> 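Got a structure here, written out as structure tokens. Questions coming.
Treat the numbers as computed from the prediction; the structure is a model and nothing was measured. Naming: A, B, ... by sequence-line order, numbering from 1 per chain.
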2 protein chains.
Amino acid sequence: MTCRARPPLTRDSVIAGAIALADAEGIDAVSMRALAARLGVVPMALYKHVGDKEDLLDGMVDQVIDAFSADPEASETAPRPEDWRAAVRTRLLAARATLALHPWARRAIETRVRRTPAVLRHMDALTGLLLAGGLSADLTHHAMHTLGNRIWGFSPELFNDPGALPTSTRSSAPEPEPADYPAIMRVVTDAQQRRPGGSCDEDYEFVFALDLTLDALARLAADGWSSPA
Amino acid sequence: MTCRARPPLTRDSVIAGAIALADAEGIDAVSMRALAARLGVVPMALYKHVGDKEDLLDGMVDQVIDAFSADPEASETAPRPEDWRAAVRTRLLAARATLALHPWARRAIETRVRRTPAVLRHMDALTGLLLAGGLSADLTHHAMHTLGNRIWGFSPELFNDPGALPTSTRSSAPEPEPADYPAIMRVVTDAQQRRPGGSCDEDYEFVFALDLTLDALARLAADGWSSPA
DNA sequence: TTGACGAGGTGTACATCGTACACCTAGGGT
DNA sequence: ACCCTAGGTGTACGATGTACACCTCGTCAA
């Protein structure tokens, strides 16, 4: 009864469909059934192209990361290696820009456990920039760990994810009382008057942390730092 | 047929049971049914004490964090405030030690979206240490963001979670080829010969990143840094 | 003493999810 | 003329979270 000829599915098209679905309706809407329906196919058909749902999710982040990891034109036009800080910065901001288009990707990346090709490619490119900048393999290793999830273009969400508490939460826990947290209150009131009405400026927090880290690493590199015995 | 008198459930006892279950069999084993069975009760009974599963998870991380956030004796014996770096360091290492007892907690914390009382208490304590150390409210704010998930005593997992790939993964994605990632290879071989046989020394990575960050923040504080207009 | 009430535990039932398994079907190579 | 296989189908199962009606006490006011 499928009157319209449908181009055959492929792993990539299935994953692309999942990404589109997640973009449109959120990651929770991505069930095998919903995705199959969207692709005009029966749920089990998907399993001919992805191993299981984990594999699908892996594929989704892989495909998103490809967007800034595949094209060498992104930032890798072999700049002077001594500009490694600028190069890293540029690449991470590109990552951030891409991830901003797929709000679900942040949480998805954090929960992935496999390192897929595009992911590794990005990490390798970043590692390469640091090494080319003259950092020792040793220091580069620690640098990657220190950057942590910042290498994906985001910082961890410290405070409440804005807009992530839609439905009336029905917790039985006591409601937090602002007065009980004086230190926090002091910094939020300061932040509020510095940026009225808004919550944290995530973009600024990201570059602040990134630059702080890169500066600190540069200082270590200049000092010829190396691991303690 | 419940011959043995069972002490009545409470929110805390339910949550404690869930933590014990997670410690014993992993977080995935924590289903409402399994937890109810463990507590000798029917699944729906739990809903008299927790709002829903989200609330249960929230309660679990809250209760774990209480372990290092409640007792003021932990590190807060009013040391000289100029030792704020030491104080922060001590507190975060205490957090790390506690979290090490509950391997599931890392991922659980990352996926929580509500900030519960114990969580806020910890963040408030930390914020207080920074403020007491003389950092401006402004800088303190950015400092908290920069520390990110490090405030819970862990760094994000950069590479594969060791032992988290138990069952034969049945991905359809191409297997990554080490030769394709030369930069990564260079640092892992360096790390391997520096620490034969093992993977990353997470403890060292944690304190490296922490100290790097604290040093950098101290430098900014000493320079009287403040937000750009 | 009685009666209502509410807190806490029960039982049944449902929707949704991932996915195992057997099957069908069309195209291509021998 | 044959079979093989890649790709899509259909049915079915077990697990999960949780809605809803119910029951069963202990407490306390009348």
> Can you say whether a donor on the side chain of B/Lys53 sits under 3.5 Å from an acceptor on the base of D/dG17, or the other way round?
no
> Quick check for you: among D/dT18, C/dA20, D/dG8, whose closest atom lies nearest to any side-chain atom of B/Met44?
D/dT18
> Would you please confirm or rule out a distance under 4.0 Å between OP1 or OP2 of D/dG8 and any side-chain N or O of A/His49?
yes
> Given that B/Leu9 and A/Tyr47 both sit by DNA chain C, which one's nearest nucleotide is further toward the 5' end?
B/Leu9
> Among the candidates C/dC21, C/dG9, D/dT16, find the nucleotide nearest to the side-chain atoms of B/Arg33.
D/dT16
> Among B/Leu120, B/Val119, B/Thr116, B/Thr98, whose side chain to side chain contact (heavy atoms under 4.5 Å, CB included) with B/Ile65 holds?
B/Val119
> Has A/Arg186 got a side-chain atom pairing as donor or acceptor with B/Gly128's backbone, closer than 3.5 angstrom?
no
> Quick one: closest heavy-atom pair of A/Met144 and A/Met123, and the distance?
CE-O, 3.8 Å
> Where do B/Arg91 and B/Leu129 come nearest, in terms of heavy atoms and distance?
CD-CD1, 4.3 Å
> Can you identify which nucleotide, out of D/dG17, C/dG9, C/dG18, has its nearest atom closest to the B/Lys48 side chain?
C/dG9
> Rounded to whole angstroms, how far apart are CG on A/Leu46 and P on D/dA6?
18 Å
> Using a 4.0 Å heavy-atom cut-off across all strands, classify B/Val41 as base, sugar-phosphate, or nothing.
sugar-phosphate
> Which nucleotide in the set D/dT18, C/dC17, C/dT19 lies at the smallest distance from any side-chain heavy atom of A/Ser31?
C/dC17
